[in-house]
Every structure is written in C-alpha cells, then in structure tokens.
Amino acid sequence: MSQIPFLDLKSQYQSLKSELDPEILEVMANAAFVGGAWVARFETSFAQYLGVPYTIGVGNGTEAIWIALMALGIGPGDEVIVPANTFIATAEAVSFCGAHPIFVDVRADDYLLDTDKLEDHITEDTAAIIPVHLYGQPADMSAIMDLAIAYDIPVIEDAAQAHGAKYRDRMAGSYGVFSTFSFYPGKNLGAYGDGGAIVTSNEGLVGQIRSFIDHGRDGAGGHKLLGFNSRLDGMQAAVLDVKLRHLDDWNRARQKNAALYNELFAASKIGDRVRTPMAHSDRTHVYHLYVIQADERDALRSYLAEQEIASGIHYKFAVPFSEAYADLGYTAEDLPVAHRLQSRILTLPMFPELTEEQIRRVVDTIEAFYLSR
Ligand SMILES: *Cc1c(COP(=O)(O)O)cnc(C)c1O
C-alpha cells in the first residue's frame, strides 16, 4: 500500500524541469535577483491572464493584503469586514495596519462569506470589505459589489486560493479596487519560495505602492515616503511565468478530480454522512482544496492516516476562535455556522497529478470506515 499525499510538488517539478531549469539559470547568469526583467515579464503576463491593467509583485500574500489596506489609508479606528472562515492571514493583515477585523459568518453549503449577513455588520467605521475566494471558489461578488457600491466601501478580494477561478464572465481578482494573490508553493499557482501580487485597475495608486514596497524610493536616489520591503524576487518570477502557462490545464485536472470524487461519493453507500463541496453554476471552482463535511470527522481522519491517506483541516479553528483572536471574545452564538464547521470539515488530497486510482482508494477507504461503524 503506497502513501497518498496531500499534494505532490516533487512530481510536478519533474514534469516542468526542462522548461524551468534554463529559466532559473538565466536569472542567475543575469544576476536579476530582486526586481528586474523576469519580475516585469511575470507582472505583465499575470495582468493579461486576469484581464486587469496592473499587477505588482510583492513578497507574499499576507503583505499583499496589508499593503492594499495601507494604500487605501486604512488604520486605527477603522473596521474591515472579513469572513470568519478563512486563513488567518486575511485578518492578520487587518490587525497589522491597526484596524479591527469584523467577522461575518459563512454559509454552510459553500463555506463562503454569507452575503445575507453582510449588511448587518456595516457601520460608519467600515473602511473595507475583504471577501475571500475560499478553497478556489469565488465569493458572491455580485451581492458584495452591490452593497459596497451602495455604501461606498472599497472591496479587496483575497484571491490567494483562486488563481484562474471565474465569477460569471470575469476572473476572480478583477472585481475589487484591489485583489491580492499568494504564490506560496502549495497554491494553485505556486512559486519555489514565498511570493505574492497586488492587482488593481486604479492607476493612481500603482506608483505609490511600487514605491512603498521598495523603501519609499522615488527613483532618483531619494525616499519620497516611509515605505517597507516587500519585493518579488527574480527566480520566483521566472518560476511563476513558466507555471502560469500550465495553470489552466492544472485547474482543469483539479476540476476533473473533484468531479470524480463527487461521482464516487454519490454512488457509494456513505449516504449523508459525507457532504461533498457545492459548486455554484455561475462560477468556476478551481479546487485549491477539496473540502467535505464528515460525521465523526476526527475518527475518520485517524482511519485515513492509518491507511496512509493524507488529509487536512482548513481550518482547525475559524479565525475568531483561534487563540490569537481570543481577546475579541467571539462566541459560537455570534458565528454559528463557522463554529459548527470547525468540527466537520475535512480536506481530502487534491492536486492536478492525483490519479483516478488514488481517488477511488480515498473514497473506498471512507466508505469502509462508515460501513464498519
Ligand atoms: C495563503 C493565503 C494567504 C497568505 O498568503 P502568504 O503568501 O502565505 O502570506 C492569505 N489569504 C488566504 C485565503 C490564503 O490562503
């Protein structure tokens, strides 16, 4: 019995080696380590791919959100609305610019920000809304943009898990004033280290952000503003530019894998003890993660581990229930859906190279677990 991993970046590298290795050597030969031609090229290709005018490479996806908030002048006294179920980085970025994260519950069916509960959380101090396209499926951007426009509140899309996903006819990441991406290695478009991008159509803010991420440089040897260091490096950009050419194929492979999981679960004897992820017909889900809801989740997870099948929990705690945010005092009554999901969600292996045989073994093993109870 062989191990089924959670994702397989080593086999992906082998399939890319002949394309990637010469590019990385070129970056070194040209000493284009930080910024430079490869970063500029990737920024252009990624903007074209998304159908947006500007992308700016930055150090990672967390700083991308933080810098977007700073560019909007958000800070102490401001409130920023975020979904309760997301990676902690979405809220961290809000906290680190001095603003307060305001958590809104998610929906039980798609795990995304519940737009029916959004308006109740808007106050005079609401300075931004950050929808998260969680697990690879875009949030309900139509409902979110309608409210944002009505209240004149900027939207920053956290698209760290949704490279290549679409909401209706446009790419996820092309709706907000800003959108932000992470290129952490395990993301659908992942670098070979850390990386991130800020995407915008607001030309007026581009120069300021470019200066901010490079110590406030003015391009003439001086420093025009108090900045920071958050730059994308040349090798990461070279890797990303090569990998971007494969992104749509990889996303299609993920969708095919998800469809097979769904089909096998539906045909199994597991019944309603497992709920497969729902995908809206007006969006393309790119399955960064394949997240089910499972009865007896922890026992199932141990059983899978015994059978050498990797799994994950995204996330063990909804952000407001993590220890880091305990001082905010959120309770289960405040966010009932996010609270309940914590003990039910389970992430199954999902990556483009996953085979049909592996998927069958995962579902068969889950079926065996429930039939033995
Ligand atoms: C990965 C991720 C981030 C943070 O990206 P890093 O590059 O790891 O800093 C932010 N938001 C979400 C939803 C993520 O999944």
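Side chains included, hydrogens not; waters and symmetry mates left out as well; all remaining heavy atoms used. When a ligand or atom number is given, it counts from 1 through the structure's own listing order.
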Next item on the list: Write out the residue and atom name of the closest protein heavy atom to atom 4 (C) of ligand 1, then the distance separating them to 0.1 Å.
Entry: Thr62 OG1, 3.5 Å
Notebook entry, point to check: Does the pair Arg275/Asp109 count as a salt bridge with the N-to-O cut at 4.0 Å?
Noted result: no
Next item on the list: Report the residue from His288, Arg301, His314 that forms a side-chain hydrogen bond (donor to acceptor under 3.5 Å, both in side chains) with Thr347.
Entry: His314
Notebook entry, point to check: Is the number of heavy atoms from other residues, nucleotides or ligands under 6.0 Å of Leu226 CG greater than 12?
Noted result: no
Check: To the nearest 0.1 Å, how far is atom 1 (C) of ligand 1 from its closest protein heavy atom, and which atom is that?
Finding: Lys187 NZ, 1.5 Å
Checklist line | Backbone of Gly195 reached by a side-chain donor or acceptor of Gln236 within 3.5 Å | finding: no
Notebook entry, point to check: Which residue supplies the protein heavy atom nearest to atom 13 (C) of ligand 1, what is that atom called, and how far is it?
Noted result: Asp158 OD2, 3.4 Å
Next item on the list: Specify side chain, backbone, both or neither for Asn60, according to which of its non-hydrogen atoms lie closer than 4.0 Å to ligand 1.
Entry: both
Item checked: Any N/O pair Thr86/ligand 1 closer than 3.5 Å -> no
Notebook entry, point to check: When you measure from atom 6 (P) of ligand 1 to each heavy atom in Ala197, Ala159, Gly186, Gly61, which option holds the nearest one?
Noted result: Gly61
Notebook entry, point to check: Which residue and non-hydrogen atom of the protein lie closest to atom 8 (O) of ligand 1, and at what distance in Å?
Noted result: Ser182 OG, 4.0 Å
Next item on the list: Show which atoms of ligand 1 fall inside a sub-4.0 Å distance from at least one heavy-atom site of Val132.
Entry: 13 (C)
Check: Do the charged groups of Arg107 and Asp114 touch, with an N to O distance under 4.0 Å?
Finding: no
Next item on the list: May I ask whether His288 places a heavy atom under 4.0 Å from ligand 1?
Entry: no
Next item on the list: Provide the number and element of each atom of ligand 1 under 4.0 Å from a heavy atom of Ala89.
Entry: 3 (C), 4 (C), 10 (C)
Next item on the list: Please check if Val132 and Ile198 belong to a single hydrophobic cluster, counting links between Ile, Leu, Val, Met, Phe, Trp and Tyr side chain heavy atoms closer than 4.5 Å.
Entry: yes
Note to self: Quick test of your reading of the structure: of Gly195, Ala160, Ala191, whose heavy atom lies closest to atom 12 (C) of ligand 1?
What the structure shows: Ala160
Next item on the list: Kindly write out the residues that satisfy side-chain contact (heavy atoms from CB on, under 4.5 Å) with Ala108, not counting sequence neighbours, or none if the list is empty.
Entry: Val337
Checklist line | Pairs where residues 63-82 contributes a residue and the test salt bridge (charged side-chain N to carboxylate O under 4.0 Å, His left out) is met, not counting sequence neighbours | finding: none
